[in-house]
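Residue numbering restarts at 1 for every chain, and letters A, B, ... go by the order of the sequence lines. Just so it is clear, the structure is predicted and the values come from calculations on it, not from any experiment.
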Protein chains: 2
Amino acid sequence: MAATRRPTLADVAREVGVSAKTVSRVLNEDGPSSPETRARVLDAVARLGFQPNLMARNIRVGGPDTTVGLVVPNLGNPFFGTVAGGIEDAIRERGLTLLMGSSAEDAGRERQLTDTFLARRVSVLMVVPSVDADHGHLKSQRAAGLPVVFLDRPGSGIAADCVVSDNRAGTREGVAHLLGKGHRRIGFIGDIPPKLYTRRERLAGYRDALVHAQLPYDKALVVGTHDEAGAAEAVRRLLALPEPPTALFAANNIVALGAVGELARTGRAHDVALVAFDDLPLAGVLDPGLTVVAQNPAELGRAAARTALARLDGDRSRARTVTVGTELVARGSGELGV
Amino acid sequence: MAATRRPTLADVAREVGVSAKTVSRVLNEDGPSSPETRARVLDAVARLGFQPNLMARNIRVGGPDTTVGLVVPNLGNPFFGTVAGGIEDAIRERGLTLLMGSSAEDAGRERQLTDTFLARRVSVLMVVPSVDADHGHLKSQRAAGLPVVFLDRPGSGIAADCVVSDNRAGTREGVAHLLGKGHRRIGFIGDIPPKLYTRRERLAGYRDALVHAQLPYDKALVVGTHDEAGAAEAVRRLLALPEPPTALFAANNIVALGAVGELARTGRAHDVALVAFDDLPLAGVLDPGLTVVAQNPAELGRAAARTALARLDGDRSRARTVTVGTELVARGSGELGV
DNA sequence: CTGAAAGCGCTAACAT
DNA sequence: ATGTTAGCGCTTTCAG
């Protein structure tokens, strides 16, 4: 089948017997046009299956493209998927489209993606920063009027808007929940690398709770890992300590999966208390139900979109950080005796 | 802060004292260039922070834009997120970028998204079709050389490539697993509307298994619902029948959540067997472990990308359907006595 | 109400 | 090895 050339404005104009500009006027409801020409133009458009070339339009108009560039670590993680959904909800009504890519937490890939997005002249750039990424190169873009929003974690080397969960307060609340049940030795299983923003904040919340309860910080109770198997191993190590913890705090959903699994396999699920950061689908069905500090990823996305749209509307105030609250959802696993 | 105009090729050319075409040549490694001009051009590019305008380039070159348009029902569903991740993996090395939107299973929104993507002259269009959507309008696009791939479900009104899970065989295997344990009355909890492709195929697999076991099809055992609460209600109704089923098949992950929850709450988790279509994160940790027919969403995405890239490379053979296999993961819940 | 000409930023096709 | 001209598909600007 021959690759027929797509019809252009000129084709439609020729078909109708008017100038290209007239067709453009009708389609964009720019300037006036007689009802009759209007009808004939629309008819020809439908007949030819004409679709205006948005790229050509954008290049002429000169403004940014009607896209929002979004970089996340991993598209398959429902947390980031839901964030993206929240963003899309908020930008759709403004006629903006989402351009997405995943960095796999790699600074180089992140840079490559943001460069591509910049070359596409996105209207807004949103990034979940990778650990070692530097964002100094975005300064000039921001200066030139491009809204830049960091999601889930702050960017580095640049003052830009940022939307994050209240990791510290959320963790403090989760750990306080365990302390309230009488636990005095609480293990913390966190991310790797320790310098990851969310890990740092959550660990800070853990320490806050200990300080408030006038308990010492014992670094033997703090372990870092980055996958499910590692988390299982971490649980084993913690419970094998001379003075083992009676409760555990799993600082993210991956680690939580590993911890829940290990406790279940070793028959200690009703024996060791557990609270996790970030909710999971079957959390309420487990026995005992998994108590979590739930984040609000959709709201994270919506807040980021709101911030960016305000910038597009001319808001030139200084960069701000929006903190989205978390919610402790008690389902039982945090209420086991010491 | 003044919105400084972005530098263009001409700006770089002026800065260096060469023609725009020379700069273009250096940047695209087109034609020859003396090492010296090359160095000076690259220097000026870096100094000015020049980034070529991809849209302008594309419009001149005339080909499609280097983007892949993808419509999914819901970005937050990890199944579709993982599909998207698989696609991205496969297209990145070709320099293609993902343009995404969610339809919320609404034909109108789906159409709006595909129209936007077409106006952007995407290189490839991938769609998870909404139930009532018609795709006749894509015929001319396909004829004009645009690769169109339907994902997870076939499109309607057009012959185009399609990549789906083996819903029927997978369900047959899952139900056969239950039959093998001696169950003779097996409830089926499926999607709404019944005409949804995946629902139909899975129901067909269920019937296949019954036929093979020479058991009658009892439509009192088949219920449709579309959310977790509905699934819980469906379980209650099925178990309240005069001759209740001794096993259940949950035809998707949402329904599975509801079924697992209801069985757990009513203390019948060890009493009623259960197999679900599509895997879930904590499935292995439940007691009993949830037996599932696992799909392979990443492979679904990669296969779709492979098909589309082959089309871009000139494959003009007739539209084909790629079926991605499923895997029965037995974890216990399917092995409970009758 | 409509059209002609110019030009957005870039590259193909021909010079030189 | 580099420059010139023309033009991608559209809209702006200015005339009618």
- Task: Give a yes-or-no answer on whether the side chains of Gln141(B) and Arg6(A) include a donor-acceptor pair shorter than 3.5 Å.
- Result: yes
- Message: If you assign each of Ala56(A) and Thr22(B) to its closest nucleotide in DNA chain D, which residue comes earlier from the 5' end?
- Response: Thr22(B)
- Item | Gap between atoms CG and P, on Asp11(B) and dC8(C) respectively (whole Å) | 11 Å
- Length of the CD1-P vector between Ile59(B) and dC8(C), whole Å: 13 Å
- Item | Check ion pair Asp313(B)-Arg306(B) (N to O, under 4.0 angstrom) | no
- Task: Measure from CZ on Arg25(A) to C1' on dC1(C) and round the result to the nearest Å.
- Result: 8 Å
- Item | d(CZ, Arg6(B); P, dC8(C)) in whole Å | 17 Å
- Task: Figure out the CG/C1' separation between Leu9(A) and dT11(D), and round it to whole Å.
- Result: 9 Å
- Message: Closer than 3.5 angstrom, by distance alone: can the side chain of Ser156(B) be matched with the main-chain N or O of Ala133(B) as a donor-acceptor pair?
- Response: yes
- Looking only at dC10(C), dG7(C), dA4(C), the nucleotide nearest the Arg57(B) side chain is dC10(C)
- Is any side-chain heavy atom of His135(A) closer than 4.5 Å to a side-chain heavy atom of Glu110(A)? yes
- CG of Asp65(A) versus P of dC10(D): gap in Å, rounded? 15 Å
- In whole angstroms, how far is the C1' atom of dA5(C) from the CZ atom of Arg60(A)? 11 Å
- Minimum heavy-atom distance between Pro7(A) and Leu48(A), given as atom pair plus value: CG-O, 3.5 Å
- Separation of atom CG in Leu54(B) from atom P in dC10(C), rounded to whole Å: 10 Å
- Query: Which of residues 27-51 of chain A sit near DNA chain C, with a heavy atom under 4.0 Å from it?
  - Reply: Pro32(A), Ser33(A), Ser34(A), Thr37(A)
- Step by step, work out the salt bridge (Lys or Arg N to Asp or Glu O under 4.0 Å) result for Arg14(A) and Asp11(A). CA-CA 5 Å; Arg14(A) 200 174 314 114; Asp11(A) 295 327; 3.1 Å; yes
- Look at all strands and tell whether Thr8(A) reaches a base, only sugar-phosphate, or nothing, counting heavy atoms closer than 4.0 Å. sugar-phosphate
- Quick one: does Arg153(A)'s side chain have a donor or acceptor within less than 3.5 Å of a partner on Pro129(A)'s backbone? yes
- Query: Would you say Ser24(B) reaches dT11(C)'s phosphate, i.e. side-chain N/O to OP1/OP2 under 4.0 Å?
  - Reply: yes
